[in-house]
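Since the structure comes first, as structure tokens, the remarks are kept for the end.
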Amino acid sequence: MSFAFKKFSFFQQHEVKLHGFPPNSTCHQLGGNLLYVGCDNGTVHLLNDTFQSQGSFNAYGYKVLYMAWSQARQLLITVGLEEPGISTATVKIWESDKVISAAANAAATSSAAAAMSALPQTAAVSTTPASIPPLRVQKVFSNKYPESEVTALAVAESGGSSLLVAVGLAGGSVYLFSGDMNGPKGKMHHTGKLNVRPDTGDLWRVSALAFKKGRSSTSGSRPDKPAGTAAAPGSATPAAAAGATSSSTASPPPSSRLAVLSGRSAAAEAAA
């Protein structure tokens, strides 16, 4: 009996272009036609739909933690650290058109410099991020707002010119910030605080945040449930997410409700 081997072409060869997705990424956010990628060195990279680098810019002195996008105003919202340690956590608002322009100019300059040297073009682009001032800057923590690890970020838009930003924390709290986005001289400020812990004895970590539109009543969850929906202070429904309480000094968009995903932290599970 004789045997013969037959060659089957199961796979076809395709050229795969090198992508510009940074290996040290910490978070990413789709905004407009670009993908914004935050990194552990404080920079934010801009990628197109084929993951090719469109440049980068310096956002923080240490690390980018989370990002969100305002579709109506085309704003990039970030929270990150200027230095090691949670005390330097800061919320920043960036105008996308200015960020894109500055990043593209820096990338073009780097490409021209690479063409005149022996350095690869991609290396030159990645090492020369643009420097651009943010539209708004707000410290996360103050004397009335204790420090805790930042674990989530969400943003809500109103019919006017204000923006509402929610920052979730590992201690079971959500800090709210709002501010007028018109003009370069506006400011952000603390709007209020939500407590999503079922009681003060547990370490209740906020895992995710999302603003929801609508005025329907809150679907409060039982204390043993890890998730709930809290109405933002100033809205038509009471704040309640796994027994949440709130305090506020300003009124955010009345149609915004904040969905909070939370659960017992690893420390609490270990103690149990």
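Numbers here are sequence positions counted from 1.
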Please report the interatomic distance [atom1]([X]) to [atom2]([Y]), rounded to the nearest 0.5 Å.
{"X": "D180", "Y": "S162", "atom1": "CG", "atom2": "OG", "value": "7.0 Å"}
{"X": "I77", "Y": "K92", "atom1": "CD1", "atom2": "NZ", "value": "14.0 Å"}
{"X": "C39", "Y": "F21", "atom1": "SG", "atom2": "CZ", "value": "8.0 Å"}
{"X": "I86", "Y": "E147", "atom1": "CD1", "atom2": "CD", "value": "5.0 Å"}
{"X": "N48", "Y": "N33", "atom1": "CG", "atom2": "CG", "value": "9.5 Å"}
{"X": "Y145", "Y": "L176", "atom1": "OH", "atom2": "CG", "value": "8.0 Å"}

Nearest heavy-atom neighbours spanning [X] and [Y]:
{"X": "S53", "Y": "L47", "result": "CA-CD2, 3.7 Å"}
{"X": "A156", "Y": "L163", "result": "O-CD1, 3.5 Å"}
{"X": "M188", "Y": "Q138", "result": "O-OE1, 2.8 Å"}
{"X": "F141", "Y": "S148", "result": "CZ-O, 3.0 Å"}
{"X": "A59", "Y": "V44", "result": "CB-CG2, 3.8 Å"}
{"X": "V155", "Y": "V165", "result": "CG2-CG2, 4.3 Å"}

Heavy-atom distance under 4.5 Å between the side chains of [X] and [Y], does that happen here?
{"X": "V91", "Y": "V140", "answer": "yes"}
{"X": "L65", "Y": "L81", "answer": "yes"}
{"X": "L258", "Y": "K212", "answer": "no"}
{"X": "E149", "Y": "R205", "answer": "yes"}
{"X": "Q54", "Y": "I100", "answer": "no"}

Positive for side chain to side chain contact (heavy atoms under 4.5 Å, CB included) with V206, one of L261, L194, V167, T151 |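 Exactly one candidate clears the test, T151.
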Main-chain N/O of [Y] paired with [X] side-chain donor or acceptor, under 3.5 Å:
{"X": "T88", "Y": "E83", "value": "yes"}
{"X": "Y60", "Y": "T90", "value": "yes"}
{"X": "S142", "Y": "K139", "value": "no"}
{"X": "Q29", "Y": "C27", "value": "no"}
{"X": "S96", "Y": "Q74", "value": "yes"}
{"X": "T26", "Y": "G38", "value": "yes"}

Going hydrophobic residue to hydrophobic residue with side-chain gaps under 4.5 angstrom, can you get from [X] over to [Y]?
{"X": "L76", "Y": "V64", "value": "yes"}
{"X": "L164", "Y": "V260", "value": "yes"}
{"X": "W69", "Y": "L135", "value": "no"}
{"X": "Y62", "Y": "V79", "value": "yes"}
{"X": "I93", "Y": "V150", "value": "yes"}

Between [Y] and [X], do the side chains contain a donor N or O and an acceptor N or O under 3.5 Å apart?
{"X": "Y175", "Y": "T191", "answer": "no"}
{"X": "E157", "Y": "S70", "answer": "yes"}
{"X": "T43", "Y": "S56", "answer": "no"}

Is the W94-Y36 ring centre distance short of 6.0 angstrom?
->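 When the ring centroids of W94 and Y36 are compared, they turn out to be at least 6.0 Å apart.
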Using 30° and 60° as the class limits, which term best fits the ring planes of H190 and F177: parallel, tilted or perpendicular?
->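 Rings of H190 and F177: tilted, as their planes differ by 30° to 60°.
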I would like to know whether L75 and M181 meet side-chain contact (heavy atoms from CB on, under 4.5 Å); could you show each step before the answer?
-> CA-CA 10 Å; L75 298 174; M181 296 297 109; 4.0 Å; yes
Check the pair E95, R73 against salt bridge (charged side-chain N to carboxylate O under 4.0 Å, His left out), reporting the backbone distance first and the verdict last.
-> CA-CA 8 Å; E95 297 173 283; R73 298 178 179 84; over 6 Å; no
Is F51 atom CZ crowded by more than 12 heavy atoms from other residues, nucleotides or ligands, each under 6.0 Å away?
->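 Check fails, neighbour count at 12 or below.
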